[in-house]
Structure formats: structure tokens, C-alpha cells
Amino acid sequence: MLYLASRSPRRHQLLEQVGLQFGTVDVDVPEVRVLGESPEDYVSRVAREKARAGLLKLSGVAGAVVLGADTEVVLDDEVFGKPADGAHMAQMLRRLSARTHRVLSAVWCVSGGREERVLSLTEVTFATLSEADIAAYAASGEGLGKAGGYGIQGRAAAFVAHLAGSYSGVMGLPLFETLRLLKGFGVGC
């Protein structure tokens with residue numbers, strides 16, 4: 001059986017959207033980038049640690065397949081992470097305004113004796129955001145708890161001038177890549 005090692009409502013929604021049946025396992029993995037670690041290595045390591053932690057919690061469950069994912073916004077090699085508050089979110093949005101940033105989504109699938117991953121890279125270009133745009137979005141609170149301080153599936157969709165890559169990857173789970181990975185583990189819809 002498939003288990004998702006994530007509390008993200010967006011990841012749950014995306015897996016349900018494609019008709020997958022899955023359970024969830026709650027894991028607590030520190031998301032701290034190691035000095036000198038590339039953004040790609042960082043997002044991959046965190047996703048792998050989530051999947052492994054989930055499998056460890058399910059050690060008594062025969063045939064468990066655990067999916068772990070991490071998504072980060074990267075600008076000029078800086079990983080933005082989740083904003084601490086509205087002011088931090090506004091600061092992130094100012095830096096993303098009129099710029100192209102990368103969204104990295106790593107997905108690891110683990111089972112007894114097997115581990116595989118996919119990495120999705122999406123380039124997102126924001127339009128020029130006015131201070132009023134930024135203040136209104138920050139006041140909405142929508143970007144709290146989201147990498148880079150925005151949710152593309154909500155009001156921030158209006159900020160996106162161009163996207164090259166995976167829309168669902170920006171939401172937190174690149175579906176095309178994830179479904180191909182899961183098929184390799186005998187899980188599919």
C-alpha cells in the first residue's frame with residue numbers, strides 16, 4: 001500500500017486528483033540546508049529523509065511504499081523556504097518581483113530494500129508586483145506555510161507571467177514524474 005509522508009494538504013489533493021488510494025504517515029524531519037549543499041541536493045535529501053522516516057514508522061506494515069517530497073523556491077542559489085510571518089512573506093515577494101526563479105520538487109519513493117527519486121525543475125517568472133499587490137497578498141496570509149511565500153494555486157496565480165515546467169510541481173508534487181516513479185513500484189491508477 002502507498003503512504004504519503006507529508007502533512008501538506010496540496011500533496012494530498014494532488015494524489016486524490018489522479019485517483020490514487022493512499023494512507024498518510026506523520027513525520028517530523030528538520031528542513032535545514034547544510035553549508036555548501038546545493039539547492040538540488042538539499043531538496044532531494046529532505047524528501048528522502050521524509051520517505052525513510054515514514055517507512056521506519058511503518059516497519060510492521062508488509063508491502064508499504066512511502067512517498068516523501070520536498071519543494072523549494074530558489075533565487076540566485078538562495079533557498080527561500082517558508083516565510084516566518086507576513087513581513088517575511090512580503091520581503092520574499094519583493095525579491096521575486098519581475099524575476100525568474102526556480103522551483104525544485106524532489107520526490108523519493110522507498111520500500112523495503114529499494115529507493116528511487118525524481119527531481120522536477122520549474123522556472124517561474126513573476127510580473128512586476130506593486131507594493132499594494134504585495135501588501136494585499138501578505139495580508140491574506142495565503143503564502144504562509146508555502147515555499148517562497150506564495151501558492152500558485154491561489155491568488156498568487158495572478159503574479160505568474162510565465163511558467164516553464166510542472167505546474168503541479170510548483171504546488172508541491174510533480175504529478176507526471178511522481179506517477180512514473182510509482183508505476184516502477186507497482187503503484188498506479
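The chain is numbered in sequence order, starting from 1. All values derive from a computational prediction rather than experimental measurement.
The structure places OG of Ser111 at 15.0 Å from CE of Met1, a figure rounded to the nearest 0.5 Å. Taken to the nearest 0.5 Å, the CG atom of Leu20 stands 12.5 Å off from the NE2 atom of His12. Distance check: Leu96 CG to Gln91 CD gives 10.5 Å after rounding to the nearest 0.5 Å. Distance check: Glu177 CD to Leu175 CG gives 8.5 Å after rounding to the nearest 0.5 Å. The structure places CG of Leu56 at 12.5 Å from CD of Glu49, a figure rounded to the nearest 0.5 Å.
Two different hydrophobic clusters hold Tyr42 and Val107 under the rule that ILVMFWY side chains link at heavy-atom gaps under 4.5 Å. Tyr3 is not connected to Leu181 by any chain of hydrophobic side-chain contacts under 4.5 Å among Ile, Leu, Val, Met, Phe, Trp and Tyr, and they are in different clusters. In terms of hydrophobic clustering, with Ile, Leu, Val, Met, Phe, Trp and Tyr side chains grouped at heavy-atom distances under 4.5 Å, Val43 and Leu4 are assigned to different clusters. Hydrophobic clustering (side-chain heavy atoms under 4.5 Å, transitive across Ile, Leu, Val, Met, Phe, Trp, Tyr) keeps Val74 apart from Leu173. With hydrophobic clusters built from ILVMFWY side chains whose heavy atoms lie under 4.5 angstrom apart, Leu67 does not share a cluster with Leu55.
Residues Arg102 and Glu40 are paired through a salt bridge, judged by an N-O separation under 4.0 Å between the basic side chain and the carboxylate. We find that Glu115 and Arg117 are not joined by a salt bridge, their nearest charged nitrogen and carboxylate oxygen being 4.0 Å or further apart. Residues Arg33 and Asp77 are paired through a salt bridge, judged by an N-O separation under 4.0 Å between the basic side chain and the carboxylate.
Lys50 places a side-chain N or O within donor-acceptor distance of the main-chain N or O of Ala69, the cut-off being under 3.5 Å. At distances below 3.5 Å, not a single donor-acceptor pair connects side-chain atoms of Lys57 with backbone N or O atoms of Ala53. In this structure, Asp85 contributes its side chain and Ala87 its backbone to a donor-acceptor pair below 3.5 Å.
The side chain to side chain donor-acceptor pair (under 3.5 Å) contacts involving residues 14-29 comprise Arg7-Asp26, where partners must be two or more places apart or lie in separate chains.
Residues Phe185 and Glu116 meet the side-chain proximity criterion, which asks for heavy atoms closer than 4.5 Å. Val65 places none of its side-chain heavy atoms less than 4.5 Å from the side chain of Val110. Contact annotation: the side chain of Met171 approaches that of Ile152 to within less than 4.5 Å [non-hydrogen atoms, C-beta and beyond]. You'll find the side chain of Glu72 reaches within 4.5 Å of the side chain of Glu31, heavy atoms only.
Across every non-hydrogen atom of Gly149 and Leu93, the tightest pair is O-CD2, 4.2 Å. Between Val73 and Ala147 the shortest heavy-atom distance is CG2-O, 3.5 Å. Closest of all the heavy-atom pairs between Pro83 and Gly145 is CD-N, 4.4 Å. In this structure, Glu142 and Lys146 approach most closely via the heavy-atom pair O-NZ, 2.8 Å. Closest approach of Ala47 and Ala106 over heavy atoms only: CB-O, 3.5 Å. Of all heavy-atom pairs between Arg95 and Arg99, the closest is O-CG, 3.4 Å.
Residue Arg94 places its CZ atom among more than 12 non-hydrogen atoms of other residues, nucleotides or ligands, all under 6.0 Å distant. Within a 6.0 Å sphere centred on CZ of Arg155, other residues, nucleotides and ligands contribute 12 heavy atoms or fewer.
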One pair to check against ring-ring contact (aromatic ring centres under 6.0 Å, His included): Tyr150 and His101. What are the steps and the verdict? CA-CA 13 Å; Tyr150 74 93; His101 61 274; 5.6 Å; yes
For Met89 and Tyr137, what are the C-alpha separation, side-chain angles and deciding distance, and is it a side chain to side chain contact (heavy atoms under 4.5 Å, CB included)? CA-CA 9 Å; Met89 184 192 329; Tyr137 189 75; 3.9 Å; yes
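Side-chain contact check for Ser44 and Asp41: no donor-acceptor pair (N or O, by modelled atom type) lies under 3.5 Å.
Shown are Leu15, Val66, Val187; of these, the side chain to side chain contact (heavy atoms under 4.5 Å, CB included) with Phe22 is made only by Leu15.
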Acceptor/donor pairs from residues 118-129 side chains to any protein atom, 3.5 angstrom cut, sequence neighbours excluded:
unit_1, atom_1, unit_2, atom_2, d
Thr122, OG1, Ser166, N, 2.8
Thr122, OG1, Ser166, O, 3.3
Thr125, OG1, Thr100, OG1, 2.6

